[in-house]
Structure formats: C-alpha cells, structure tokens
Amino acid sequence: MSDNLLPPNERRQTDSDGHDILQPLYVGIITVTSTRDIQNDPGGDKAEELVDNQNGVVTRREVVQDDVAEIQKTVKSLARSEYVDCVVTTGGTGVTVDDVTPEACSRLFERDIPGFGELFRQISYEEIGHRAMASRATAGIVINTPVFCLPGSKGAVQTGMSKLILPEAPHLAGLASSHQIE
C-alpha cells in the first residue's frame with residue numbers, strides 16, 4: 001500500500017449537488033474463484049483498470065476460493081480498513097453449487113442496497129438478454145463500507161463498474177461513513 005494514502009476525513013468532500021462523497025475513492029477488489037489467480041484474473045484486472053480510469057485508487061486486491069468463511073473473512077478485513085471506501089467482489093454470483101458469494105456477503109450486510117442488483121440485472125438484460133436472470137449480483141453495507149458483488153466476467157464487471165458502482169460509490173461511501181466524522 002502506498003504511503004501517500006489519505007484517511008477518509010482528509011478525502012471527504014461534497015459534490016456539485018451538495019452530497020457527501022469520498023474522493024478519491026479507495027477500492028478493495030476481491031476475486032472469488034476456484035480456477036484463477038492474481039496473474040490470470042480478467043474480471044479483477046478490468047475492475048482495477050476502471051477504478052484507475054476514474055482517478056480512484058485500488059488499495060487492496062485479493063483472490064479467494066469459493067468458500068463462505070474465506071469470502072467473509074476477506075470482506076470484513078477490507079471493510080475494516082480506513083483505506084478501503086468500497087469493496088467490489090467479482091465472481092461466484094451464478095447458480096452453480098459453488099457460487100456462494102451472495103450468501104457469504106448477504107450474511108454480513110448491516111443494510112441491503114437492493115437497487116444495485118435490480119438495476120444491474122435490468123442493464124444486463126438490455127445487453128445480453130434473458131441470461132441476465134441468472135445473475136445474483138447484490139450489494140449492501142458492511143462495517144460502514146459499501147460492498148458490491150458482481151459476476152466475474154469482464155463484460156459484467158465493465159457494466160457494473162462503469163454504469164453503477166463508480167458513478168455512485170463515492171456518494172454511498174460518504175453516506176455510509178458520515179456518522180464517523182470527527
């Protein structure tokens with residue numbers, strides 16, 4: 001992690017509409033997979049590229065197995081960090097028996113963000129048709145940190161990150177942590 005990172009209170013701003021935001025946005029990326037590693041992670045690479053393109057900072061990047069306990073441990077670790085404003089998971093949101101990311105993360109959610117999954121599937125339907133119904137993309141707040149669970153494909157990551165997460169995460173992170181202002 002870079003020594004140049006600033007704590008949230010030094011990055012707290014308001015946007016043009018007067019909304020509380022964290023800028024630049026610090027993002028933790030978790031790839032959930034049983035077949036890939038950090039050197040072969042197209043979904044995670046795409047997420048990092050998109051964060052970088054929006055002048056955000058990827059402060060942590062992890063690869064974990066399709067295991068509820070391991071996913072939960074990693075999500076909680078990132079959510080506790082003052083240098084992670086939002087967590088994005090890629091992978092494990094389908095309907096196979098080992099796709100457990102939604103279950104693992106939903107059990108941690110203090111508050112759900114149901115609109116994320118609804119909008120993700122709507123946009124995906126416009127892009128890929130009826131197969132979008134198989135996505136179990138979801139989001140919620142864990143330890144005052146927005147957590148977004150995306151499918152692992154580059155296309156799904158592109159859609160979720162560019163159309164939903166990156167435009168709104170600075171505001172959601174600002175809202176979720178606003179009670180922590182000193």
Measuring from [X]:[atom1] to [Y]:[atom2], what's the distance to the nearest 0.5 Å?
{"X": "Glu118", "Y": "Thr138", "atom1": "CD", "atom2": "OG1", "value": "9.5 Å"}
{"X": "Asn144", "Y": "Arg111", "atom1": "CG", "atom2": "CZ", "value": "6.5 Å"}
{"X": "Asp45", "Y": "Asn40", "atom1": "CG", "atom2": "CG", "value": "8.5 Å"}
{"X": "Ser124", "Y": "Met133", "atom1": "OG", "atom2": "CE", "value": "12.5 Å"}

Next item on the list: Under the side chain to side chain contact (heavy atoms under 4.5 Å, CB included) rule, what do Ile71 and Asp67 come out as? Steps first, then yes or no, please.
Entry: CA-CA 6 Å; Ile71 294 166; Asp67 176 78; 5.7 Å; no
Could you tell me whether the side chain of [X] and the main chain of [Y] form a donor-acceptor pair under 3.5 Å?
{"X": "Thr90", "Y": "Gly152", "result": "no"}
{"X": "Asp66", "Y": "Ser34", "result": "yes"}
{"X": "Glu82", "Y": "Pro7", "result": "no"}
{"X": "Asp15", "Y": "Asp17", "result": "yes"}
{"X": "Arg12", "Y": "Pro8", "result": "no"}
{"X": "Glu62", "Y": "Thr31", "result": "no"}
{"X": "Gln72", "Y": "Ala104", "result": "yes"}
{"X": "Arg136", "Y": "Asp99", "result": "yes"}

Item checked: Apart from Leu22 itself, residues in the same hydrophobic cluster as defined by side-chain heavy atoms under 4.5 Å ->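 None, because no other hydrophobic side chain comes under 4.5 Å of this residue.
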Note to self: Under 4.5 Å side-chain heavy-atom separation, chaining through any Ile, Leu, Val, Met, Phe, Trp or Tyr, what else clusters with Leu164? Say none if it is isolated.
What the structure shows: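 Members besides Leu164, by chain and number: Leu25, Val27, Ile29, Leu50, Val51, Val58, Val88, Ile113, Phe116, Leu119, Phe120, Ile123, Ile141, Phe148, Leu150, Val157, Met161, Ile165, Leu166, Leu172.
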Check: What do the steps show when you test Thr33 against Gln65 for side chain to side chain donor-acceptor pair (under 3.5 Å), and what is the final call?
Finding: CA-CA 5 Å; Thr33 181; Gln65 296 291 307; over 6 Å; no
Check: Of all heavy-atom pairs between Cys105 and Thr89, which one has the smallest distance, and what is that distance?
Finding: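 Where Cys105 meets Thr89 most closely, the heavy atoms are SG-CG2, 4.4 Å.
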Check: Nearest heavy-atom pair of Cys149 and Thr101: which atoms, and what distance?
Finding: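 That closest heavy-atom pairing would be SG-CG2, 4.0 Å.
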Margin query: Run the side chain to side chain contact (heavy atoms under 4.5 Å, CB included) test on Arg80 and Thr145 for me, step by step, so that the C-alpha distance in whole Å, both residues' side-chain angles and the decisive distance to 0.1 Å come before the verdict.
Written below: CA-CA 8 Å; Arg80 283 188 184 108; Thr145 305; over 6 Å; no
Notebook entry, point to check: Cation over ring, Arg11 on Tyr26, under 6.0 Å and within 45°?
Noted result: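 Flagged: Arg11 positioned over aromatic ring of Tyr26.
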Margin query: If hydrophobic clusters are built from ILVMFWY residues whose side chains come within less than 4.5 Å, do Phe109 and Val100 share one?
Written below: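 In one cluster: yes.
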